[in-house]
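Structure first, then comments.
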Amino acid sequence: MKEALTSLLEQSLSNLVTQGLVPECPGLTPQVDHTRDASHGDLATNLAMVLAKRAGMPPRDLAKAIITALPDNTLIARTEIAGPGFINFFLNQASHVDVIRQVLGAGPTFGTSAVGAGRKVQVEFVSANPTGPLHVGHGRGAAIGDSLCRLLSATGWTVHSEFYYNDAGQQITNLARSVQARALGLTPEDDDWPADGYRGTYIADLATAYQARSTVSAADRSITALGDIHDLDAIQDFSVAWLRREQDLDLKAFGVTFDEYFLESSLYESGAVNRTVAALEQGGHTYEQGGALWLRTSDFGDDKDRVMRKKEGDYTYFVPDVAYHLNKWQRGFERVINEQGADHHSTITRVRAGLQGLAEGIPQGWPEYVLHQMVTVLRDGEEVKLSKRAGSYVTLRDLIDWVGRDATRFFLAARSASSQLTFDIDLALAQSNENPVFYIQYAHARICSVKRKAVHHEANWTPESGLEHLDRLVEPEALALALLLTKYPGVVAAAAQQLEPHAVANYLRELAAAFHGFYNAHKMVDESEEGLSLARLALAEATRQVIANGLALLGVSAPETM
RNA sequence: CCGCCCGUAGCACAACCGGAUAGUGCAACGGCCUUCUAAGCCGUAGGUUGCAGGUUCGAAUCCUGCCGGGCGGGCCA
């Protein structure tokens, strides 16, 4: 609809240029927007105000000229010049309801597009190290990252989702020592407890499982415990697998899966880390100082240089990160999106600097990042700290258990990633039945109920048969609802393009409200009004389809009954 | 001291990337079920968009400076 009007305006413009009223403006596409207020029409453009200066005409006069130059069409009932020079378009009835036919025809694919053209994009998210259960922050990353995958896929990209984790390193050694200490009967309160040990109760469970010689299977590995509490390597291998399985269960409960799990250790084993360092040295981007090897990241926009290899000979964390991203590039991902917590934002400059130093032709802004701000968890009015070591943090599993999967996903994905987020446990509990997600799901279930009713009423009362009676839809509530449906493809396209899943959530809330209003104002199934009832059924079904499509993008279920 | 993010109604958040009278949910108040799901609808109340300037037809949005909050600025990850 927007596109149709934009094209009409472009024709009007070229007419005006021909007449010499307006200078040529290459690259200018008229901006058509949905209005906020129905009294401003269905759609509006600010074109006259944008062009007024260049045309040397008052905006309202120019608006009049633009309208006069519009080609004949069947879409617009009337136009209006308003305020400082807006042109408001009032669509005719047929233009409003035509979308119903489109939605029913396209079904689950309504709103999808092919802008990605099948190109490869990799989305890395969660990437928690296997040292504890997933916390709320990981949950936010999972909700946003998974939704991004769905959005990109819906807009024609070939999406590869990936989870990267460190299965060796110092943190993992601490983990193994902690489990060993538990197995030896120590508790975090004892003096002999490892200095940087993990204190959570899951460590005790892990120690018990290890000593019981349990077998655990995670998404990417399976192992049986040896049970020898003096074999630190064995404890470490088992612990990693055990925690990977815990995280898998959390993600599964959250409805999130990955195409690939990538191990940091593999970058060392394959020699990729060493090759990366060698390439950076050859490129002349490194120097030695104080016994350490430094990378001149300041040549690439960092405010100071960074250590790559410590005095002791170990690499710092961002070196394997650079090697990892080179690997992504070599796998052919022209586009890579990393979704991670904002506390890691300083790695962006370093990783990009390292990649530039490799001179592999990697674009400067590659990879892209979506950073989500921290989640603050309130309980009893007090902040619960998200400390992995403390073991007292709120886990993703806790949230799912308390408020349910759908509400948790919606809550975490329905807000802009760049905003800090307060997750008030008590509020979430108290409002679990009044969460916005239920409002949307309820609209879906209601429509399903109406359809059941209609089918029982008369054999031929199906939404599809309503397509012949769309001219019966004339009430403001019906037309407003139909107009909202036309916005959906644009919402999906914008959300995918801007990497903002929360736009879909906001739209769905708006759509559900429009439906609830329509439902309450008009009887859907009325035996004395067959044509009208059928038309309303068609509109309801189109609404249901869009709600289902939108909820799917957020990974939220669309129940048929509630 | 420097960098990134943020500041919108009592609370949690939106605002189609510069548009018209700043919205939604919760909380508060008043109505609506003998009829399709009341997890709903209709209405009332609630705001100097942190503060002060600037840019322009037009600013919550862009620029500058303050104030306040979060996260970074480790040879930690």
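Every heavy atom of this structure was used, including side-chain atoms; hydrogens, water molecules and symmetry mates were not. Lettering follows sequence order; numbering is per chain, from 1.
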With ring centroids as reference points, do His516(A) and Tyr442(A) lie under 6.0 angstrom apart?
-> yes

From the options U37(B), A12(B), A22(B), select the nucleotide whose nearest atom is closest to the side chain of Thr561(A).
-> U37(B)

Starting from P on G40(B), measure out to CD on Gln441(A) and report it in whole angstrom.
-> 12 Å

Hey, does the side chain of Ser533(A) come within less than 4.0 Å of C36(B)'s phosphate (OP1/OP2), counting only N and O?
-> no

Does the separation of the ring centres of Phe125(A) and Phe163(A) fall below 6.0 angstrom?
-> no

With centres under 5.5 Å and planes under 30°, do His344(A) and G72(B) count as stacked?
-> no

Inspect the contact between Arg536(A) and Glu475(A) and indicate whether a charged nitrogen and a carboxylate oxygen are less than 4.0 angstrom apart.
-> yes

Give none if A12(B) has no partner; otherwise give the nucleotide forming a Watson-Crick or G-U wobble pair with it, both distances under 3.5 Å.
-> U24(B)

Which nucleotide in G25(B), G70(B), G40(B) has an atom nearest any side-chain atom of His516(A) | G40(B)

Could you tell me whether Gln498(A) contacts a base, only the sugar-phosphate backbone, or nothing, with contacts defined as non-hydrogen atoms closer than 4.0 Å?
-> base

Do the charged groups of Arg199(A) and Asp196(A) touch, with an N to O distance under 4.0 Å?
-> no

How would you label the contact of Asn166(A) with the nucleic acid (heavy atoms, under 4.0 Å): base, sugar-phosphate, or nothing?
-> sugar-phosphate

Select base, sugar-phosphate, or nothing to describe what Asp343(A) touches, counting heavy atoms under 4.0 Å on all strands.
-> sugar-phosphate

Could a donor-acceptor pair under 3.5 angstrom be found where the side chain of Glu500(A) meets the base of C17(B)?
-> yes

Counting any heavy atom closer than 4.0 Å, what does Leu421(A) reach on the DNA or RNA strands: base, sugar-phosphate only, or nothing?
-> sugar-phosphate

P atoms of A60(B) and C51(B), separation to the nearest Å | 11 Å

Would you mind telling me which of A77(B), G72(B), C41(B) lies closest to the side-chain atoms of Gln171(A)?
-> A77(B)

d(CG, Asn46(A); C1', A59(B)) in whole Å | 15 Å

In whole angstroms, how far is the P atom of A77(B) from the CZ atom of Arg350(A)?
-> 11 Å

Taking the side chain of Gln31(A) as heavy atoms from C-beta outward, which of G40(B), C17(B), A77(B) is closest to it?
-> C17(B)

Nearest to side-chain heavy atoms of Lys2(A), which nucleotide of C16(B), C75(B), A38(B) = C16(B)

Within a radius of less than 6.0 Å around CD of Glu464(A), do more than 12 heavy atoms belonging to other residues, nucleotides or ligands occur?
-> yes

In this structure, CD of Glu527(A) is separated from NZ of Lys523(A) (nearest 0.5 Å) by 7.5 Å

Choose from A77(B), A14(B), C36(B) the nucleotide whose nearest atom is closest to any side-chain atom of Thr316(A).
-> A77(B)

Nearest-nucleotide comparison on RNA chain B, the residue closer to the 5′ end among Ala44(A) and Glu264(A) = Ala44(A)

For Ala82(A), answer base if it contacts any base atom (sugar-phosphate contacts may also be present), sugar-phosphate if it contacts only those atoms, and nothing otherwise; contact means non-hydrogen atoms under 4.0 Å.
-> base

Would you indicate what Glu560(A) reaches in the nucleic acid, counting non-hydrogen atoms under 4.0 angstrom: base, sugar-phosphate, or nothing?
-> base

Would you say a side-chain N or O of Lys310(A) is under 4.0 Å from OP1 or OP2 of C76(B)?
-> yes

Arg306(A) atom CZ is separated from G73(B) atom C1', nearest whole Å, by 6 Å

Donor-acceptor contact present, side-chain His345(A) to main-chain Ala342(A), <3.5 Å = yes

Do Phe86(A) and the base of G19(B) stack face to face, with centres under 5.5 Å apart and an angle between planes under 30°?
-> no

Phosphate OP1/OP2 of C57(B): any Lys53(A) side-chain N/O under 4.0 Å = yes

For G23(B), take OP1 and OP2 only and decide whether either is under 4.0 Å from a side-chain N or O of Tyr507(A).
-> no

For Ser418(A) and C6(B), is the shortest distance between a side-chain N/O and OP1 or OP2 below 4.0 Å?
-> yes

Kindly point out which of G19(B), A14(B), C71(B) is positioned nearest to the side chain of Arg415(A)?
-> A14(B)

To the side chain of His502(A), which of C4(B), U21(B), A14(B) is closest?
-> A14(B)

May I ask you to say what Tyr519(A) touches in the nucleic acid, namely base, sugar-phosphate or nothing, with a heavy-atom cut-off under 4.0 Å?
-> base

Starting at CD of Glu312(A) and ending at C1' of C75(B), how long is that distance when rounded to a whole Å?
-> 7 Å

So what does Glu477(A) hit on the nucleic acid, given a heavy-atom distance under 4.0 Å: a base, only sugar-phosphate, or nothing?
-> nothing

Pair assignment for A52(B), Watson-Crick or G-U wobble, requiring both distances under 3.5 Å | U64(B)

Electrostatic pair Lys328(A)-Glu162(A), nearest N-O below 4.0 angstrom | no

So, is Arg446(A) close to the A38(B) phosphate, meaning a side-chain N or O under 4.0 Å from OP1 or OP2?
-> yes

C4(B) - base-pair partner by Watson-Crick or wobble geometry, distances under 3.5 Å = G70(B)

Paired nucleotide for U35(B) [Watson-Crick or G-U wobble; both distances under 3.5 Å] | none

Write down the partner of G19(B) under the Watson-Crick or G-U wobble criteria, each distance required to be under 3.5 Å.
-> C57(B)

Scan His372(A) against the nucleic acid and name what it touches under 4.0 Å (heavy atoms): base, sugar-phosphate only, or nothing.
-> nothing

Choose from A14(B), U37(B), G19(B) the nucleotide whose nearest atom is closest to any side-chain atom of Ala445(A).
-> U37(B)

In whole angstrom, what separates Met49(A)'s CE from G19(B)'s P?
-> 10 Å

Tell me whether C4(B) sits syn or anti, counting syn as a glycosidic angle within 90° of 0.
-> anti

Determine the contact category for Gly85(A): base if any of its heavy atoms lies under 4.0 Å from a base atom, sugar-phosphate if only primed atoms, P, OP1 or OP2 are that close, otherwise nothing.
-> nothing

Go through G25(B), A77(B), C75(B) for me and flag the one nearest to the Lys311(A) side chain.
-> C75(B)

What integer number of Å spans the C1' atoms of C75(B) and C71(B)?
-> 22 Å

May I have the distance from Phe423(A) (atom CZ) to C11(B) (atom C1'), rounded to whole angstrom?
-> 15 Å

Have a look at Asn88(A) and say if it touches a base, only the backbone sugar-phosphate, or nothing, with a 4.0 Å heavy-atom cut-off.
-> base

Looking for any heavy atom pair under 4.0 Å, which part of the strands does Ser449(A) touch: base, sugar-phosphate only, or nothing?
-> base

Determine the contact category for His34(A): base if any of its heavy atoms lies under 4.0 Å from a base atom, sugar-phosphate if only primed atoms, P, OP1 or OP2 are that close, otherwise nothing.
-> base

Rounded to the nearest Å, what distance is computed from the CG atom of residue Leu412(A) to the P atom of nucleotide C13(B)?
-> 11 Å

Ala505(A) near the nucleic acid: base, sugar-phosphate alone, or nothing, with a heavy-atom cut-off under 4.0 Å?
-> nothing

Arg36(A) side chain N/O closer than 4.0 Å to the phosphate oxygens (OP1, OP2) of G19(B)?
-> no

Between Arg472(A) and Glu529(A), is there a salt bridge with N-O shorter than 4.0 Å?
-> yes

Look at the side chain of Tyr317(A) against the base of A77(B) and say whether a donor-acceptor pair falls under 3.5 Å; ignore hydrogens and angles.
-> yes

Could you state the interatomic distance from OG (Ser298(A)) to CG (Asp303(A)), rounded to the nearest 0.5 Å?
-> 9.0 Å

